[in-house]
Amino acid sequence: MSNVPTITLRDDTTIPQLGFGTWKITDDEAQASVEQALAIGYRHIDTAALYANEAGIGKALAGSGIARQDLYLTTKVWNDRQLEARASLEESLAKLGTDHVDLFLIHWPHPSADTYVQCWRDMVALREEGLATSIGVCNFNVPHLQRLLDEVGEVPVVNQVELHPSFTQKDLESYGTGHGIATEAWAPIGRGADLADEGIRSIADQLGRTPAQVILRWHLQQGRIVFPKSVREERIRENFDVLDFELTADDLARVDAVDAGNRLGPDPDTM
Ligand SMILES: NC(=O)c1ccc[n+]([C@@H]2O[C@H](COP(=O)([O-])OP(=O)(O)OC[C@H]3O[C@@H](n4cnc5c(N)ncnc54)[C@H](OP(=O)(O)O)[C@@H]3O)[C@@H](O)[C@H]2O)c1
């Protein structure tokens, strides 16, 4: 049994707080990387139609012998298919080799198309049919979330956003907390950019841990869901080995203080 902590989402489902990210893992690499992650103990895999690696992931899942109910699978609908969420999800399910995902997400609000509200309505129907157990969004700012609430009457159970020590998006996270929306942090270690921070390095040295492990622990203790990505077995292991130590309140505050508004990815308002 995995000792990864879980979070209960607003729809009463549970999600493992630590998973495996797969952006930039090619379809050819995906089978081996996901096999390594599963062997190490990861059971939560984050992918997207855009990543074009769902077939490779599906092969790793099929060969793993792990029961479907012991896995947690997330995929996403890309911007140009917001009005074809059903077709996109059906294609993802076929590649992943499963009849449902645990979590289906809108990948970006892509506000210039003005189709995310309709996409959200369609996703509610897909959840009702059981093709997705839970539904959520990525990269939604407060006004995008507020529109879902105002026009559909339901906010997502998770918002997956860029969040790492040098980019903490505190206002967005607190809107989520106030509305029962769990925060999933993408680029949780800032794609490596935050690992050189001196404060984080000194906490890591004191604890005999790595900077990546300190940052992942900071997320977990603050209730976020994370899925660091690596194609290197030693790092996949390192990123999972974060369940047997604790940061103090002072350590958490020191990592919080690294915030510098350092966005790495696109701005959701213009993407
Ligand atoms: N919804 C969205 O719009 C969105 C956007 C981006 C990402 N995501 C999801 O979030 C996941 C994580 O984000 P991310 O992949 O962008 O960034 P990340 O997990 O913060 O960082 C991944 C990068 O850091 C390196 N790395 C991994 N572990 C390391 C360690 N222990 N020490 C040093 N370097 C390490 C990896 O290189 P190697 O592979 O060479 O080890 C890779 O270059 C993605 O894979 C994807 O599933 C979602």
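Quantities reported herein were computed from a predicted structural model and do not represent experimental measurements. In listed order, ligands and their atoms are each counted from 1.
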Legend entry - Side chain, backbone, both or neither: E238 near ligand 1, heavy atoms under 4.0 Å: side chain
Inset, instruction - Report yes or no: does E162 contribute a side-chain atom to a donor-acceptor pair with the main-chain N or O of R263 at less than 3.5 Å? - result: no
Inset, instruction - Check ligand 1 against H107 and write out every atom of the ligand that is under 4.0 Å from a heavy-atom position of the residue. - result: 1 (N), 2 (C), 3 (O)
Legend entry - ring-ring contact (aromatic ring centres under 6.0 Å, His included) partner of H107, chosen from W186, F140, Y51: Y51
Inset, instruction - Pick whichever of R191, E162, R237, R235 has a heavy atom sitting closest to atom 25 (C) of ligand 1. - result: R235
Inset, instruction - Starting from atom 33 (C) of ligand 1, find the nearest protein heavy-atom neighbour and note its residue, name and distance. - result: L195 CD1, 3.4 Å
Legend entry - K95/E91 ion pair, N-O < 4.0 Å: no
Inset, instruction - Please work out which of D46, D194, T22 has its closest non-hydrogen atom nearest to atom 9 (C) of ligand 1. - result: D46
Inset, instruction - Please state which part of T210 comes within less than 4.0 Å of ligand 1, counting heavy atoms only: side chain, backbone, both or neither. - result: neither
Inset, instruction - Look at atom 39 (O) of ligand 1 and say which protein heavy atom is nearest, naming residue and atom and giving the distance to 0.1 Å. - result: K229 NZ, 2.7 Å
Legend entry - N239 contact mode with ligand 1 (heavy-atom cut-off under 4.0 Å): side chain
Inset, instruction - Measure across L145 and V155 and return the closest heavy-atom pair with its distance rounded to 0.1 Å. - result: O-CG1, 3.9 Å
Inset, instruction - Could you find the nearest protein heavy atom to atom 48 (C) of ligand 1 and give me its residue, atom name and distance? - result: Q160 OE1, 3.0 Å
Inset, instruction - Record the part of P188 in heavy-atom contact with ligand 1 below 4.0 Å; permitted values are side chain, backbone, both and neither. - result: both
Legend entry - Identity and separation of the nearest protein heavy atom to atom 13 (O) of ligand 1: A187 N, 3.0 Å
Legend entry - Sidechain N-carboxylate O distance under 4.0 Å for K59, D27: no
Legend entry - Heavy atom of G265, distance to ligand 1 below 4.0 Å: no
Inset, instruction - Heavy-atom distances under 4.0 Å are what count here, so tell me which part of S230 touches ligand 1: side chain, backbone, both or neither. - result: both
Inset, instruction - Please work out whether the ring planes of Y116 and H144 are parallel, tilted or perpendicular, with thresholds of 30° and 60°. - result: perpendicular
Inset, instruction - For atom CD of E198, decide whether the heavy atoms of other residues, nucleotides or ligands shown that lie under 6.0 angstrom number more than 12. - result: no
Inset, instruction - Please determine if A212 has a nitrogen or oxygen closer than 3.5 Å to a nitrogen or oxygen of ligand 1. - result: no
Legend entry - Geometric cation-pi criterion R217 and F245, 6.0 Å radius, 45° cone: yes
Inset, instruction - Taking only Lys NZ, Arg NE, NH1 and NH2, and the carboxylate oxygens of Asp or Glu, determine whether D197 and R254 approach each other closer than 4.0 Å. - result: no
Inset, instruction - Just go through W108, W23, F20 and tell me whose heavy atom is the nearest to atom 44 (C) of ligand 1. - result: W23
Inset, instruction - Return the residue, atom name and 0.1 Å-rounded distance of the protein heavy atom closest to atom 40 (O) of ligand 1. - result: R232 NE, 3.3 Å
Legend entry - Nearest-0.5 Å distance that lies between atom OG1 in T115 and atom CD in Q82: 3.5 Å
Legend entry - Protein contact of atom 5 (C) of ligand 1 - nearest heavy atom, named by residue and atom, plus distance: W186 CD2, 3.2 Å
Inset, instruction - Compute the shortest N/O to N/O distance between V231 and ligand 1 and return yes if it is under 3.5 Å, no if not. - result: yes
Inset, instruction - Say whether F227, considering both its backbone and side-chain N or O atoms, lies within less than 3.5 Å of an N or O atom on ligand 1. - result: no
Inset, instruction - Starting from atom 3 (O) of ligand 1, locate the nearest protein heavy atom and write down its residue, its atom name and how far away it is, to 0.1 Å. - result: N139 ND2, 2.9 Å
